[in-house]
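Below is one structure, written out as structure tokens, with a few remarks after it.
Note that this is a predicted model, so its numbers are computed, not measured. Heavy-atom basis, side chains included; hydrogens, waters and symmetry copies ignored. Counting starts at 1 for both ligands and their atoms, in listed order.
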Amino acid sequence: MLSKVYERNYDMMGAFEISAHMMKLAQNNANGSTFLNAGRGNPNWINTLGRMAFCRLMQFGIEESKNTINDESIAGTPIENGIAKRLVRYLNEEDPTDMFIKKSIQYCTIELNMRADRLVKELVDAILGNNYPVPSRCLTHIEKILGMFMEKTLYKNSGLAAKTDIFPTEGGTSSIVYIFDSLKHNGLLNEGDKVAINIPIFTPYIQIPKLTNFDLVPMNLSSLEENNWQISKEEIEKLKDPSIKAFFLVNPSNPGSHALDDETLSYIADVVRERKDLMIITDDVYGTFVDGFRSVYEIAPYNTLLVYSYSKLYGATGWRLGLIAINKDNVYDDLIKKLPEEKKKTLRYDYSIVTNEPEKMRFIDRICADSRSIGLYHTSGLSTAQQALMALFSLSHLICEGNDPYFDVTKEIIAKRYSKLHHALGLPDDNDKTNTKYYSLINIYTLAGRIYGSEFEQYLRENMDGDDFMLRLSQEEGVVLMMGEGFGAMEGTLRVSQANLNDDQYELVGYRILRILKDYFNESGFSVTKNKINEKQKND
Ligand SMILES: *Cc1c(COP(=O)(O)O)cnc(C)c1O
């Protein structure tokens, strides 16, 4: 019989919480092996250029501020008139960071039609943090920069930047929370409403709708590995049911890690033609890890709210940098107009404390107001310094005109780690262009089948839980991964993040998975009929 090592019941806990528990076990693992945490998606790289530019502009801004008040450690605020010229004079022609700043200003004046003084003043003030965010939803020049970044990366050549409004937030996490809260507050999602969720998916999208204050009825639209993680036409056609109010998806997916291809996007476009009232929330955090990525926002701009985060690409999880993008012409504003009179009345009451035309307040501005309980709308909005860093990261891409070496390097890093892991496990690489390679989903049962044959695979399916395998991997081998099941993936799948260990450690992760599998095989009493164990695992 196989031994069960876990006594706790993990059924109610989320994948991230279980993984946090595993960390303690892994750090004190039985073999004294190096602790390897490939559970979370936090990258172990950072973007230096955006951060360096931030520091330089901070220094410049402090010098500028001394022009108005200058006494010991007190200074005033920068003067707009002539500030761009003074900045150029301040910059060193030999310094790559300084030249990036110079090029960025040129880009904004030429490509985005900005006045240099206005732009520099906004950026410098934002970095100094000398004022509340005004306008509160997003600083005006920064909104244009973020908008162009989004278009160039997630909906190329669509021309949508000019028609898109942006609300920068404290990370994709806050974007998700704010969207759910405002959909609820504005009566666009009510208790008992049906929402479709493309699973497997980042756990909060499963957990939040189930919370008692939302109490939504989730309906799964599945992506299957057999179908290259696409959503099939039949699944997408379920959205034709008018009782489904909203559709949530992560694209490219997490943990499936694949982007929707053109065919799948065209099915969604077809459905949306029939379902003009469908609300779609797409989380495109991993979009830049796929060449030629296309967001659902591109094919259904009227219906789609887009969530993005700078956390993963720029290695900035601690900064909390995310945003919500929405089309100027959108279903949310139109559905608000059609609400029952009773609901309209309460909303008029709520928003009338911040505007004298509450009926006309757009959904994106309502999200911003709701994020500060409406009453604090005048001090709402993301910290200006955070907005500025997002703009600088965006500019580091925009000035490359489509050929950004930083994007290439981040893709190469995760691709190398992905290959090392798969090679160690004896699994083929999936080099399809939709594969981000940010995460791998390893199915322990099918892996067992490949190595020890189908009878043993069947035996494991009947006798071993996925969480038991993961617990042993932590306790005995010091490796922490994430359970795919919490994401709505198949039982027995483990998510490996390719973002947070050094390249060579991914081989170790693979060998250690194989070692635990071998232990299970030995304990099971099966004879070695088809022993195809990768020889390399012995060298770990
Ligand atoms: C990591 C992640 C986020 C969280 O982004 P933050 O900006 O760090 O809050 C959101 N959505 C998905 C799908 C993610 O994987």
inquiry  = For a quick check: using heavy atoms under 4.0 Å, what are the residues in contact with ligand 1, sorted by chain and number?
reply    = Gly171, Gly172, Thr173, Phe202, Val250, Asn254, Asp283, Val285, Tyr286, Ser309, Ser311, Lys312, Arg320

query = Taking atom types as modelled and ignoring hydrogens, do the side chains of Thr304 and Thr282 form a donor-acceptor contact shorter than 3.5 angstrom?
reply = no

message = Between Tyr286 and Lys312, do the side chains contain a donor N or O and an acceptor N or O under 3.5 Å apart?
response = yes

inquiry  = Given Lys328, which partner from the list Asp165, Asp333, Asp365 fulfils the salt bridge (charged side-chain N to carboxylate O under 4.0 Å, His left out) test?
reply    = Asp165

message = So, using side chain to side chain donor-acceptor pair (under 3.5 Å) as the criterion, who are the partners of His185 when residues are at least two apart?
response = Asp350, Tyr351, Asp370

inquiry  = Suppose the criterion is ring-ring contact (aromatic ring centres under 6.0 Å, His included): which pairs have a residue in residues 361-404, not counting sequence neighbours?
reply    = Phe149-His397, Tyr314-Phe393, Tyr332-Phe363, His397-Phe407

List, one per line, each side-chain donor-acceptor pair under 3.5 Å for residues 254-266, sequence neighbours excluded.
from: Asn254; atom 1: OD1; to: Arg495; atom 2: NH1; distance (Å): 2.8
from: Ser257; atom 1: OG; to: Tyr439; atom 2: N; distance (Å): 3.0
from: Ser257; atom 1: OG; to: Tyr439; atom 2: O; distance (Å): 3.3
from: His258; atom 1: ND1; to: Gly256; atom 2: O; distance (Å): 2.9
from: His258; atom 1: NE2; to: Asp430; atom 2: OD2; distance (Å): 2.7
from: Asp261; atom 1: OD1; to: Glu263; atom 2: N; distance (Å): 3.3
from: Asp261; atom 1: OD1; to: Thr264; atom 2: N; distance (Å): 2.9
from: Asp261; atom 1: OD1; to: Thr264; atom 2: OG1; distance (Å): 2.9
from: Asp262; atom 1: OD1; to: Arg294; atom 2: NH1; distance (Å): 2.9
from: Glu263; atom 1: OE2; to: Tyr267; atom 2: OH; distance (Å): 2.6
from: Thr264; atom 1: OG1; to: Gln230; atom 2: OE1; distance (Å): 2.8
from: Ser266; atom 1: OG; to: Glu263; atom 2: O; distance (Å): 2.6

